[in-house]
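One structure below.
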Amino acid sequence: MTRVIKNPEDNAGRFNFKDIERKWQKKWEEERVFEAKEDSKKRKYYVLEMYPYPSASFLHIGHVRNYTIGDIYARYKRMKGFNVLYPMGYDSFGLPAEIAAKKEGIHPEKYTNNSIKQIMVYQKALGNSYDWSRVIASHEPEYYKWNQFFFLKMFEKGLAYRKNAPVNWCENCQSVLANEESEGGKCWRCGNEVVQKDLEQWFFKITDYADRLLKDLDKIEWPERIKEMQRNWIGRSEGTLAKFFFRDSKDSLDIFTTRIDTIFSVTFLVMASNHPRVKEFVRNTKYEKEYTSFMKRLELVQNETDKDKDGFFTGKYVINPATGKDIPVYVANFVVADYGTGVVMADAHDQRDYEFAKKFNIPLKTVLRPHKDTRVHYIIRSLVDDWKSKLKGYQWSIVENDGVEIFIPDNKLELFIPLGQSLLKKGPYYFSTRGDKRLIIFKDKVFDIFIGDNNKKANAYGASLSIPPKELAWSQTYEGYGVLYNSGKFDGLTSEEAIPRIQEWLAEKNLGRKVVNYKIRDWLISRQRYWGTPIPIIYCDKCGVVPVPEKDLPVLLPEKVNFGEGNPLSTNKAFVKTKCPKCNGKAQRETDTMGGFVDSSWYFLRYCDNKNKKEAFSKDKIHYWMPVDQYIGGAEHAVMHLMYARFFVKVLKDLGYVNFDEPFMRLFNQGIVYKDGAKMSKSKGNVVFQTDISNKYGIDTARLFLMMTASPEKQMEWNDDGVEGAFRIINKLKRACGTLGDKADAREESKCNKMIKIVSESIEILDYPKAIVTIINFIDSVPEMSKKSYESLLKLLSPFIPHISEELWEAIGNKGFISLAEWPKADESKINEKFEEAERAVNKTVSDILNVLKIIKEKQGREGEKIYLYVIPNEIDNYNADTLSKRVQNEVKVFAVNDKSKYDPEGKAGKAKPGKPGIFIE
RNA sequence: GCGGGGAUGCCGGAGCGGUCAAACGGGCUGGAUUUAGGCUCCAGUGGCUUAGUGCUUGCGGAGGUUCGAAUCCUCUUCCCCGCACCA
């Protein structure tokens, strides 16, 4: 399967990749080429990759790809003259270290330090241009001290608080999880089922920032899908809070709805089963039995998608504030306790409510029909001689001589069928509506039709559409906006008009108000694990919850704890037992630690000032470097790290520590590297290691291959064979080095400048494959280039293949690092498209000649004879004549007629006349 | 169900209204060089065909807009990703 080149280094002609890599990596380090210094005169650029978890003691080519994407950008910007900050560090707190500790009997700290040491060796072998003097690791007290510091600041402001709440618990990890970490009911880390538990936990009040987190998304250049995920997660919706009072009581149930326009339709309420008041309602009533059996049923189907509607009557009645009528309160399995108030008003204009009502025989009342102006128009494309008979049983009338308007009483839906001349061609035909996605058929007939939002458009599309027949059913609910009826004084209003009016009306009566609701929940930061930042809180028997005074920070993570006996920190008595900072009395420390996403919420700030002992970072340095200009990382953090970090920065701004709103101005999501159709993983055994490739071909080859094969944002399939292509390109580059000329001709200059232009533009937007392809094309089309072009070429390539570029840069007599050389500028005045045209002409001529040859040889049997070929000098200059000769393997002599003597000293060509093409055969 | 992204040769992928669909890489076929292999170089690689610088198709499917569409519009099928009974 894998083709192995025996000694690639021999083939490369004296290249010894390993030596070259070591040589330049050493030089870069010794001369501190990539260390960033604040310099107010220089424009800064901050490139950052999400800092890795140092668990793996190896790097696979997926890692290599991720790091290379950032390195290329950093190197490019550096050569462009920016003061580049490009750091690396480690997200070193977390569960894997603890698991390894348990398994192998190594202390997590030792395990982590070893891992970091190991991964650093591999990372350094990549030759990336990191500023290694700024390394940070979040498990170090110098780092996590500031987690505690910021926690205390947030505690002061009420942004960190403790509450008892139902939380996500992962049995496997033995810890709670944040909402964001529970992915579809599974633990994000281990995939274990997440269960609900009521626990007292620490939260950060991210909900206070929901609106800003949403609005500021417009300020940043992120992939749309990530922004969209965040928007969905924040889940802002404007609606109404309405009060439903109990009969003869001052007590009420609050509901949240976005569709207060349907309030007159509300004939019952539904509550979430775990709503705190449900138990109270049914206690000691005949409904308690129903409750118990429902809860049992619920558990059984908990993890099924598409559950049937289920629930029970609570025995309570409330008053519909609009109609004044008594309506029953049910518990239903489709109501989410977490969203809104956990109580929903139910009516005839919601599919779920409708189904529920049918099942429990609750009466329904419709109050909405579709808008006049959103009336659905149809075209029948078929020839319907008997169309009138099709409409039998429906109420219909001809409108304005060009259509049929049909009224279906049950559904309050009007259909409009224009009868233009473009219709009535061929069958079959059926009806469907757009917008609310409902489809309608006439009896059992199927109509081939198209829907437009107005008559004219429907006509325009009409002839073109064909919708395949389906078994269609008309759902009984109309869920869209429409026109109100059965709604008292609001009759005749559209939904859009009615919503604010009803809100006002309810507000006047103190029965409701306009509200904005968010889906996002507060960020649960407590973890019942050892390997994390201790939460700096003390519980005093007298004073209650007391923050650890700043001067006592950091609260060090105790070295000795027992694993497997619940919360590890609680097993260290000396740690737990402490004195109250306020009253000096007996007190206990908090034994939960902070989740790792706290660490990663501000690490990018610490890079700017990683050695600061007095503060987390100095303002001056932060304000010089921040925000991160280009952030690179996986999409899996869309609503976790990327949300938390944004929140954290906003908090820090409000606390006066930073002066910007957003941490990452541009975000880039790299794609995943697959092998044999699956994500690389040790357990699947489909891992291609960094060293597999770098030992054989050198790390530069691996980089080049990874970058040229697929756009960085795309997922890619690793293919061993493909590496050789990249390897050949490097060899070609090396060969070109041996034939450098003094001066470039106009053609070369044109091509070179064009290359510079395209490559620069492509790298700028991280379109690396395009940049590489452009460079390859240049090498192929100018095999013997001038030294100047070659130097430009090397510079353009150096971000991709830094070691080899340095080596060749030195080999052709340059001093200093190409890594610090100035990025070439394209001189657009030198670019001339006529050279491209000439090339096209050559290509065409080549195939012509080969065809002619074929004819002569095969058809005329004149093999072995000497053939002279003349071409028009305007189109083919001497360079291209040479190329032509080469490409047709010297079987044919090709030359420009205006330079006959040079190519035809014997005068054999004789009669060729300039300006006239011809083939002369001797 | 909702939202986002896709579908192009044997494969990975360019092109994103016209001047050239398939750049570039891999694979395959033939040739040159070579003791042989590798490396390197050249040509071919959607289909049809009588030699062609010719014809004809062809960018998931159907239809439309346009003088002209892989590219824009409509619908449809399938795939990937996210959210999911969010009122």
Side-chain angles (χ1 to χ4, degrees), chain A residues 3 5-8 10-13 183-184 223-229 231-233 235 237 239 255-259 262 270 305-309 332-336 338-347 349-353 355-356 381 432 434 437 450-452 457 460-468 479 517-519 635-636 638-639 705 708-711 713-729 731-732 735 767 769-770 772-777 780 783 837 840 843-848 850-852 854-855 858-859 886-891:
Chain A
R3 266 176 62 196
I5 295 177
K6 279 161 204 159
N7 279 309
D10 298 346
N11 300 324
E183 294 174 340
E224 199 45 47
R225 75 191 175 106
I226 302 289
K227 289 207 218 176
E228 202 54 37
M229 280 164 78
R231 282 188 199 109
N232 289 340
W233 192 260
S237 64
I255 61 99
F256 170 78
T257 182
T258 55
R259 293 298 303 275
T262 64
V270 278
T305 49
D306 250 2
K307 293 170 211 164
D308 283 340
K309 297 288 170 286
N333 62 346
F334 60 87
V335 183
V336 182
D338 240 16
Y339 185 74
T341 61
V343 187
V344 180
M345 66 180 212
D347 54 58
H349 295 285
D350 182 281
Q351 188 63 34
R352 294 156 303 180
D353 299 347
E355 284 169 27
F356 190 84
R381 227 184 87 196
S432 118
R434 201 158 62 151
K437 293 278 177 197
F450 177 68
I451 319 110
K457 209 168 163 188
Y461 292 137
S464 71
L465 222 90
S466 85
I467 303 169
E479 291 184 297
N517 190 57
Y518 295 94
K519 233 174 3 184
E636 66 273 18
V639 292
F705 173 66
M708 69 188 275
T709 316
S711 303
E713 77 270 19
K714 291 212 168 108
Q715 61 170 60
M716 70 176 282
E717 173 75 28
W718 176 266
N719 173 348
D720 289 335
D721 293 338
V723 186
E724 284 178 35
F727 187 68
R728 277 182 213 140
I729 289 157
N731 292 338
K732 219 182 246 183
R735 255 178 274 121
D767 187 354
K770 189 170 182 185
I772 296 168
V773 161
T774 307
I775 296 169
I776 297 171
N777 282 339
D780 283 344
E837 284 157 28
R840 245 172 265 147
N843 284 334
K844 205 156 191 182
T845 312
V846 167
S847 82
D848 288 354
L850 291 171
N851 276 324
V852 170
K854 207 166 142 197
I855 300 164
E858 290 175 10
K859 301 289 164 182
K886 263 184 225 152
R887 287 184 52 190
V888 294
Q889 302 166 23
N890 297 316
E891 283 186 63

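All chains are named by letter (A, B, ...) in the order of the sequence lines, taking the proteins before the strands, and each is independently numbered beginning at 1.
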Does Glu224(A) reach a base, just sugar-phosphate, or nothing at all? Heavy atoms under 4.0 Å. nothing
Check the distance between rA14(B)'s C1' and Met716(A)'s CE and give it to me in whole angstrom. 16 Å
For rG9(B), does the O4'-C1'-N9-C4 or O4'-C1'-N1-C2 angle fall within 90° of 0, making it syn, or is it anti? syn
Closest listed nucleotide, where the reference is the side chain of Lys519(A) and the choices are rC86(B), rG12(B), rA87(B): rC86(B)
Side-chain atoms of Thr257(A) come closest, of rA87(B), rC24(B), rU40(B), to rA87(B)
Starting at CZ of Phe356(A) and ending at P of rC85(B), how long is that distance when rounded to a whole Å? 16 Å
Between Val343(A) and Ile255(A), is any pair of side-chain heavy atoms under 4.5 Å apart? yes
The nucleotide from rC41(B), rC85(B), rC24(B) with an atom nearest the side chain of Lys732(A) is rC41(B)
Value in whole Å for how far the P atom of rC86(B) lies from CG of Asp353(A): 10 Å
Between rC2(B) (C1') and Trp233(A) (CH2): distance, integer Å: 16 Å
Identify which nucleotide among rG3(B), rU40(B), rG25(B) has an atom closest to any side-chain atom of Arg735(A), counting heavy atoms from C-beta outward. rU40(B)
Minimum side-chain heavy-atom gap Asp347(A)-Arg259(A) below 4.5 Å: no
rG3(B) - base-pair partner by Watson-Crick or wobble geometry, distances under 3.5 Å: rC81(B)
Sequence neighbours excluded, the answer for ring-ring contact (aromatic ring centres under 6.0 Å, His included) partners of Phe334(A) is Phe356(A)
Under 4.0 Å: is that the gap between some side-chain N or O of Arg728(A) and OP1 or OP2 of rU40(B)? yes
Compare the minimum distances between each of rG25(B), rA87(B), rC39(B) and the side chain of Glu724(A), then state the nucleotide with the smallest one. rC39(B)
rU74(B) versus rG15(B) - spacing of their P atoms, nearest Å: 23 Å
Proximal nucleotide (of rA23(B), rG25(B), rC86(B)) relative to the Tyr339(A) side chain: rC86(B)
Can a side chain N or O of Lys714(A) be found less than 4.0 Å away from OP1 or OP2 on rA14(B)? yes
Look at Asn232(A) and rG3(B) and indicate whether a side-chain polar atom (N or O) is within less than 4.0 Å of OP1 or OP2. no
Which of these nucleotides, rC41(B), rC24(B), rC85(B), is closest to any side-chain atom of Asn777(A)? rC24(B)
Distance check needed: rA87(B) C1' versus Asn517(A) CG, whole Å only. 10 Å
State which residues pass salt bridge (charged side-chain N to carboxylate O under 4.0 Å, His left out) with Glu713(A); sequence neighbours excluded, sorted by chain then number. none
Under-3.5 Å donor-acceptor pair between Lys770(A) side chain and rC24(B) base: no
Can you identify which nucleotide, out of rC85(B), rG25(B), rG4(B), has its nearest atom closest to the Arg225(A) side chain? rG4(B)
Under 4.0 Å, counting only non-hydrogen atoms across every strand here, what does Val270(A) touch: a base, just sugar-phosphate, or nothing? nothing
When rounded to whole Å, the CG to P distance for the pair Asp780(A) and rC42(B) reads 8 Å
Considering every strand shown, what is the Watson-Crick or G-U wobble mate of rG44(B) when both distances are under 3.5 Å? rC28(B)
Between rG64(B) and rG12(B), how far is it from one P atom to the other, in whole Å? 32 Å
Distance check needed: rC2(B) C1' versus Met229(A) CE, whole Å only. 14 Å
Among rA87(B), rG25(B), rC86(B), the one nearest any side-chain atom of Arg352(A) is rC86(B)
Looking only at non-hydrogen atoms, find the nearest pair between Phe256(A) and Gly239(A) and report the distance. CE1-CA, 3.8 Å
